[in-house]
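In what follows, residues are counted from 1 in the order of the sequence shown.
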Amino acid sequence: MEQILINSSREEARVAILEDGILKDILVERMCARGLVGNVYYGQVVRVLPGMQSAFLNVGLERTAFLHIAEIEGARTETGALRPIETLLHEGQRLMVQVAKDPIGTKGARLTTTISLAGRKLVYLPNDTHIGVSQRIDDEALRERLREEVTALRPPEEKGGYIVRTSAEEGATEEEFRTDMTYLAHLWKEIQQKAREAKGPKLLYQDLTLSQRVLRDLVHEETASIEVDERGEYKALQAFARQFVPTAAEKLHFYEGETPLFELYGIDAELEKALGRRVDLKSGGYLVFDQTEAMTTIDVNTGAYVGKRDFSDTVFKTNLEAAQVIARQLRLRNLGGIIIVDFIDMAKDEHREAVLSELRRAVAHDRTKMTVSGFNELGLVAMTRKRTRESLAHVLCETCPICGGRGEIKTARTVCYEILREIVRLSKQYKDMKEYRILASQTVIDLLLEEESQALELLQQSVERPILLEVEAAYSQEEWDVILA
């Protein structure tokens with residue numbers, strides 16, 4: 001059975017999904033990173049620009065928002081030509097719009113009048129009768145089947161259209177489609193009611209928060225309970241669930257314990273592990289994760305595990321355990337794109353097949369689409385995992401300012417030799433210097449004064465100038481300067 005834990009604050013929302021008490025997935029959303037895309041506003045035209053075929057609208061944001069003629073529904077004639085914007089809009093006119101692009105710098109948000117509302121498996125188009133399928137679903141037979149299913153399920157009184165989302169590619173039941181249709185129809189009625197009551201620019205609909213999306217998308221019959229540790233969020237989710245996801249309302253519980261919710265279930269500790277490069281296995285082996293722009297590599301090592309029989313048995317058991325842990329870590333870290341796994345070399349074909357089968361079985365529980373190849377001639381397994389959102393590391397971490405993302409820094413001795421070479425170069429370029437002053441970190445200065453003192457003394461004799469040393473506390477080990485005087 002599944003359990004969902006929601007840890008919420010004004011600044012951040014974190015959701016942990018447990019299966020039989022074991023952390024299965026974790027989702028994090030920073031409030032400061034939430035954009036405006038998808039928000040629906042009731043706006044007022046403040047200026048029409050025929051020369052640019054665009055208009056500026058006041059939707060209640062800090063800056064006026066921008067609407068181009070191509071983004072106005074019904075702006076094209078039967079021949080496909082665009083009508084002049086001045087024939088469609090005028091100053092003071094009020095209309096419903098949706099944010100298509102967030103504000104950037106001094107530019108306001110970009111708008112569209114084509115409203116679309118996302119559900120779990122469907123996107124609802126209230127002002128369009130079209131039934132479409134996501135372009136990312138490229139199987140023509142599947143596209144046609146999904147289109148026919150949604151067309152048959154559309155209620156007779158429904159005047160809007162739908163687009164089948166990519167998530168339906170991995171399996172969508174008629175009940176899920178019906179649930180989405182009911183939810184989206186209800187949501188559209190709420191938006192229309194707010195628009196009728198609006199007396200000026202107003203936010204009619206804001207894209208769902210992480211917690212709300214979890215209730216909408218991830219709660220199912222196997223979900224035993226949903227624990228929420230913040231009372232305001234609990235009440236908001238109760239209201240949302242009663243209105244839009246009734247099946248989730250009865251599973252919501254407010255957590256009142258003294259121990260923080262995530263600490264009680266060990267989520268914070270698991271989160272720290274998911275950010276680490278090394279993951280230890282129960283057997284004594286370990287995994288090493290390296291994430292780059294192009295791909296992620298995973299190296300499997302036996303570590304302290306020596307086994308009880310022969311070495312091939314040790315390797316086999318380590319690889320089997322690694323396959324299970326890799327599948328779980330891919331979900332927790334939300335790693336996408338190309339993934340290369342370097343299992344420990346196995347001599348027996350049956351061992352390789354068993355490890356590959358175990359890996360495929362373990363990743364089959366992942367909601368995100370994945371493909372797993374066999375062992376190639378180098379003994380590597382290549383996998384692909386669809387990118388659905390930023391990885392956990394990209395959300396919670398930033399590039400190290402010291403190493404610049406390399407994961408390593410130059411040794412103090414390397415830096416010492418760089419400084420000495422720079423002084424040699426400067427002595428040849430500038431002949432009238434009185435002295436050289438080295439600014440560097442405490443570690444580098446200590447090395448120059450101790451183990452490299454002889455090299456420093458020989459250099460002073462060579463350049464025939466005194467070389468002074470000064471510790472700069474703000475410098476990292478790689479930073480240094482040579483000041484000429």
Side-chain angles (χ1 to χ4, degrees), residues 32-33 104-107 272 274-279 286-301 303 333 335-342 378-380 382 387 390-485:
C32 60
I104 300 176
T106 58
K107 296 180 179 179
E272 282 299 315
L275 293 175
R277 184 168 175 254
R278 172 170 166 157
V279 177
Y286 62 93
L287 309 176
V288 176
F289 286 76
D290 283 306
Q291 188 178 349
T292 67
E293 289 293 328
M295 68 179 68
T296 298
T297 61
I298 305 171
D299 187 30
V300 184
N301 299 277
R333 297 166 185 253
L335 297 173
I338 300 171
I339 299 157
I340 304 296
V341 184
D342 185 9
L378 299 176
L380 306 175
R387 296 184 189 273
E390 285 190 309
S391 70
L392 188 66
H394 284 157
V395 173
L396 300 182
C397 305
E398 62 183 7
T399 302
C400 171
I402 306 300
C403 71
R406 297 197 312 270
E408 299 173 323
I409 61 171
K410 295 176 183 176
T411 66
R413 197 175 304 278
T414 299
V415 176
C416 284
Y417 295 163
E418 285 182 352
I419 294 171
L420 298 180
R421 286 195 298 272
E422 177 64 7
I423 291 176
V424 170
R425 187 188 70 81
L426 291 172
S427 69
K428 295 177 180 179
Q429 188 173 355
Y430 303 100
K431 302 292 187 181
D432 55 350
M433 292 298 102
K434 294 181 179 179
E435 64 181 26
Y436 301 92
R437 183 181 300 273
I438 298 172
L439 302 181
S441 68
Q442 182 72 60
T443 310
V444 172
I445 295 297
D446 286 347
L447 194 61
L448 285 170
L449 288 172
E450 296 167 4
E451 296 179 39
E452 298 299 334
S453 59
Q454 186 176 0
L456 185 64
E457 179 60 33
L458 290 173
L459 181 60
Q460 282 191 110
Q461 295 175 12
S462 174
V463 299
E464 299 179 341
R465 299 287 188 279
I467 299 175
L468 309 179
L469 306 179
E470 184 176 327
V471 173
E472 179 52 69
Y475 279 14
S476 70
Q477 187 164 291
E478 289 192 348
E479 293 179 298
W480 56 269
D481 283 303
V482 176
I483 308 299
L484 304 180

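Distance check, rounded to the nearest 0.5 Å: OG1 of T296 to CG of L335 gives 4.5 Å. With rounding to the nearest 0.5 Å, the separation of CD1 in I409 from SG in C400 is 8.0 Å. Expressed to the nearest 0.5 Å, how far CD of E398 lies from CG of L396 amounts to 11.5 Å.
Applying the salt bridge (charged side-chain N to carboxylate O under 4.0 Å, His left out) test to R421 and every residue at least two apart in sequence or in another chain returns nothing. Remark: L449 engages I445, L469 in a side-chain contact (heavy atoms from CB on, under 4.5 Å) (not counting sequence neighbours). Under the rule for a salt bridge (charged side-chain N to carboxylate O under 4.0 Å, His left out), the partners of R413 that lie at least two apart in sequence or sit in another chain are E451, E452. Every residue meeting the side chain to side chain donor-acceptor pair (under 3.5 Å) condition with T414, not counting sequence neighbours, appears here in chain and number order: T411. Residues meeting the side chain to side chain donor-acceptor pair (under 3.5 Å) test with D290, sequence neighbours left out: R277. Listed by chain and residue number, A294, M295 satisfy the side-chain contact (heavy atoms from CB on, under 4.5 Å) test with T292 (two or more places apart in sequence, or in another chain). Partners of R333 under the side chain to side chain donor-acceptor pair (under 3.5 Å) rule, at least two apart in sequence or in another chain, are Q329. Here E464 pairs with nothing under the side chain to side chain donor-acceptor pair (under 3.5 Å) rule; sequence neighbours left out. By the salt bridge (charged side-chain N to carboxylate O under 4.0 Å, His left out) test, E457 is found to be paired with no residue, residues two or more places apart in sequence or in another chain being considered.
Among the candidates V471, V415, I438, L439, the single residue satisfying the side chain to side chain contact (heavy atoms under 4.5 Å, CB included) test with V444 is V415.
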- Where do Y436 and L468 land on the side chain to side chain contact (heavy atoms under 4.5 Å, CB included) test, with the steps shown first? CA-CA 6 Å; Y436 301 92; L468 309 179; over 6 Å; no
- Any chance you could lay out the side chain to side chain contact (heavy atoms under 4.5 Å, CB included) test for L448 and S453, step after step, and finish with the verdict? CA-CA 5 Å; L448 285 170; S453 59; over 6 Å; no
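Taking each heavy atom of C403 and E408 in turn, the nearest pair found is CB-O, 3.1 Å. When every heavy atom of K431 is checked against every heavy atom of K428, the shortest pair comes out as CE-O, 3.5 Å. Scanning all heavy atoms of the two residues, the minimum distance from A412 to L447 falls at C-CD2, 3.7 Å.
Within 6.0 Å of the CD atom in Q461, the count of heavy atoms belonging to other residues, nucleotides or ligands exceeds 12. Counting non-hydrogen atoms of neighbouring residues, nucleotides and ligands closer than 6.0 angstrom, the CG atom of L275 exceeds 12 such neighbours.
The side-chain heavy atoms of L456 and I467, taken from C-beta on, include a pair separated by under 4.5 Å. Within the 4.5 Å cutoff, no side-chain heavy atoms of I298 are placed close to those of D342. With contacts defined as side-chain heavy-atom distances shorter than 4.5 Å, the pair Q460/P466 qualifies.
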Cut-off 3.5 Å, no hydrogens considered: what does the side-chain donor-acceptor table look like for residues 477-485, sequence neighbours left out?
{"residue": "Q477", "atom": "NE2", "partner": "K410", "partner atom": "O", "Å": "2.9"}
{"residue": "E478", "atom": "OE2", "partner": "R406", "partner atom": "NH2", "Å": "2.5"}
{"residue": "E478", "atom": "OE2", "partner": "K410", "partner atom": "N", "Å": "2.8"}
{"residue": "E479", "atom": "OE1", "partner": "S476", "partner atom": "N", "Å": "2.8"}
{"residue": "E479", "atom": "OE1", "partner": "S476", "partner atom": "OG", "Å": "3.4"}
{"residue": "W480", "atom": "NE1", "partner": "E418", "partner atom": "OE1", "Å": "3.3"}
{"residue": "D481", "atom": "OD2", "partner": "Y475", "partner atom": "OH", "Å": "2.4"}

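Under the salt bridge (charged side-chain N to carboxylate O under 4.0 Å, His left out) criterion, the residue pairs touching residues 465-477 are R437-E470, with sequence neighbours excluded.
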